[in-house]
Structure formats: structure tokens, C-alpha cells
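The structure under discussion appears below in the form of C-alpha cells.
Just so you know, ligand 1 is whichever comes first in the structure, and atom 1 is the first atom listed for that ligand. What you are looking at is a predicted structure, and each value in this text was computed from that prediction instead of being measured.
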Amino acid sequence: MPRTIAQVRAYTVRGKGADYHDQSGYHWIDDHIATPMSVYPEYRQSRQSFGINVLGTLVVEIEADDGTVGFAVTTAGEIGAWIVEKHLARFLEGRPVTDLERIWDQMYRSTLYYGRRGVVLNAISGVDLALYDLLGRLRGEPVHALLGGPVRDELQFYATGARPDVAKELGFIGGKMPLHHGPAEGEEGMRRNLDALADMRGRVGEDFWLMWDCWMSLDVDYATRLAHRAAEHGLRWLEEALIPDDYWGYAQLKRQVPPGMLVTTGEHEATRWGFRQLLETGVDIIQPDVNWCGGITELIKISAMADAHGTMVVPHGSSVYSYHFVVTRTNSPFAEFLMMHETAEKIVPMFAPLLLGEPVPENGRLRVPDTPGFGVELNPDVERSRPFTH
Ligand SMILES: C[C@H](O)[C@H](O)[C@@H](O)[C@@H](O)C(=O)O
Ligand SMILES: [Mg+2]
């Protein structure tokens, strides 16, 4: 007889954690990075200035009738806590822990009138991930064992951050840099972008992967011109050049970039329906974030669709929550590691200080632990609050 769900609880945490853009003091991740808001000069220097960190962390706890507790974290803060406590909890409490598919379907269908993507799917993802953590703890198995088991002994990673040259020394297979200047900064900005790429290529040599993360900041014309000029410096992929809804733009960009340059995107997309539209554009790699796209239950569907399209799935950096998935999928040959050290020169856990036991790559590689669930615990020293109950 499977255990049943006794209670669902939602907590919020401010500062760092799953809302990893919420850093204090200097941090490369908030240093003049191009965004859709870069058309407004007053919002170019800092993404926090326009609110990239307004949500905060949501912690979802799910307790079984035997007292076992599973949890997961995501980016959703108080809004997410309200959605979990006041709306989603009703589809879980009293149900078997194994009811993953029915619970997901009812959470998604019941929130369609105000959800579909964004913070509602972040909250649904948090619940789904907490359920997988609880199921793994109850069965004494790591989540990757619940997903069919590893297809490789260890993960290999590329690193995202300001210092691909340091990433190369640390054993990563590539370095993804933030793009600093968008179309509104004209030819001067384009030249600065290309100078930065040329400089980094000079530091890492000819064979190390270099990528740009454009964080939705470009238009098709600028992205096409940038791609063609970046080709001489061996840019491997241009990531999230356009806003997520511009599926037509992604299809055009894919047709226009130089042969061999990859077009990638997807971290701000959600559900099998959103990714079906993305796959039909012909992009080369989709990058769902498992904490935002609908959780493991939805990522299984997204990944199978992509596999049939011959498209790689390299989830956006989301620590253990993506590692347990990537290690079980043949069309996910490598993973992302976000360098959350303020100058991207050292390895620190992505969600630090939120999770105890959060594993990090060594020499750019990681054997995903066999600890039950996702193998991490909430840090009791991190202050959290429960803003709503039900
Ligand atoms: C580095 C990028 O600007 C984002 O901050 C990052 O979170 C995301 O786009 C990524 O792909 O890691
Ligand atoms: Mg990205």
C-alpha cells in the first residue's frame, strides 16, 4: 500500500539560493549583461535594477503519512508559496505519493486560466520535484534510479560565467559567457562584444568551446550579424538570442546563422506544448530548466519529444534537480554548471547556502550520488518563513 501525502507546506527564502540572481555586493552575474531591458539605458548596468531578483526562493515540503518529508526549491517566492498553499495543495493531500501523473495533470489543468508558463509552472515544478524527492526517500533510491537509471558513469559539464579561461583550467569542456551589449548600443556595442570574444579565444586556444548567452536581448538581424562575425572566433553556440515567444524568429535565425554554429534556447520555456513549438523551429539544443518547465514529470515528456526530433536536451543549470535527469538520458550528453562565485574563479555550490550536501563538479565531471531522493538537505541555518497556510 503506497504511503499517502499528509501535508504540503510552502516556505520562502530571501537572498541567493534558488533565486541565484539575488546576489549582494559585486557579482559577475549582475555586471552589465544584455537583456530585453537594455533598450532602456537606465536598466543596462544591473539586472537587479529592473527586478531580476524580485521573486526569491520557494521551498516546497511534502510530508507523507509516516512522517517522511521530501522537499525541493525553485524560483517563485511568496507568489509561489500562495499558489502552492491556496491552490495546488488540494490535489496532493490524502493522495498516494505515487500519483505523480494525476497530480501533475490536475495542477496544470486547474491553473490554466492564470498559468500556462512562468511562475505558476515554477510552483508546479517545485511540487513535482518535492514529490520525486519524497518518493526516492520512501523507496531508499536516488531520483536517477526512478528515471530508468544512469546511461553513463559520470556527468561532464560546461561552465557559465565571466571566466571561461579559468573554467578551462578547472577541467570544464567549455565556457559560456554572458553577452554584455545589445542592439541599442549599436556598432560600438557590437565591437565590444566581438573584442571580448576575440580576447577570450586568445586565452583559451582554438579547441575549447566558447558560447554566448544573450538572455533574450537581441533581434534576428543583430543576432545574425553577430553570429557571422563571431564565427571567425569559433563561437560554438548563440543562446537565447530572442524572447521566448518569438518562435518565428528562432526559425529564421536558425536558417541565417553560419553553418556549424548552434542556436540554443529554452530556459524560459515551459511544458511539452511550449517545447513542441520550439522544436518545430529547428533549434539545435533545447535548455529547459527543470525547476521552471514543469518538473521531472514534464521534462520526461519534453525530452522524449526532443529525442524523436534528434535534438539535444541540455537543461539550464539547476544543480541536483537536472543532474539526476541528465545522467539518465542519452540525448543529454553534457550538463551546465553555473559559476556562482562572484568573479567566476572558484567552484561553489550553485544554490549555496541553501542546500547541504549539494555536489559540485571536480575537474569538470561529477558522479551523481546514490543518496535517496535528490540527495540534499535544507540548511537549517538558512532563515525561511511560511507566509501562507491552508
Ligand atoms: C548568464 C545568464 O545571463 C543567466 O544569468 C543564466 O542564468 C542563464 O541564462 C544560463 O544559461 O545559465
Ligand atoms: Mg541561458
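- In summary, the atoms of ligand 1 found under 4.0 Å from a heavy atom of K176, numbered by their order in the structure, are 10 (C), 11 (O), 12 (O).
- Looking at R90, R9, R386 one by one, the single match for side chain to side chain donor-acceptor pair (under 3.5 Å) with E85 turns out to be R386.
- The aromatic rings of W215 and F50 sit tilted, their planes meeting at an angle between 30° and 60°.
- Of the protein's heavy atoms, Y20 OH, 2.6 Å lies nearest to atom 7 (O) of ligand 1.
- Each of the following atoms of ligand 1 lies closer than 4.0 Å to a heavy atom of D213: 2 (C), 8 (C), 9 (O), 10 (C), 11 (O).
- Taking every non-hydrogen atom of E239 and a distance limit under 4.0 Å, the qualifying atoms of ligand 1 come out as 11 (O).
- Among all non-hydrogen protein atoms, the one lying nearest atom 8 (C) of ligand 1 is E267 OE2, 3.1 Å.
- Among the heteroatoms counted here (N, O or S) of D213, OD2 is the one nearest to the Mg ion (ligand 2).
- Below 30°, between 30° and 60°, or above 60°: for W237 and F334 the angle between ring planes is below 30°, a parallel geometry.
- Counting heavy-atom neighbours within 6.0 Å of D195 CG, excluding the residue itself, gives a total above 12.
- Between H181 and H32, the two ring planes are tilted [angle within 30° to 60°].
- In this structure, the side chain to side chain contact (heavy atoms under 4.5 Å, CB included) partners of P142, at least two apart in sequence or on a different chain, are H144, A145, H324, D370.
- With a 6.0 Å radius and a threshold of 12 heavy atoms from other residues, nucleotides or ligands, Y247 has its OH atom above the threshold.
- Within the listing of ligand 1, atoms 5 (O) sit less than 4.0 angstrom from a heavy atom of I29.
- Within E267, OE1 is the N, O or S atom that lies nearest to the Mg ion (ligand 2).
- At under 3.5 Å, a nitrogen or oxygen of H21, whether backbone or side chain, sits near a nitrogen or oxygen of ligand 1.
- For residue E239, an N/O/S atom approaches the Mg ion (ligand 2) to within less than 2.8 Å.
- The residues R229 and E187 are annotated as salt-bridged, a charged nitrogen and a carboxylate oxygen being separated by less than 4.0 angstrom.
- Around atom 3 (O) of ligand 1, the closest heavy atom drawn from E336, R47, M340, M350 belongs to R47.
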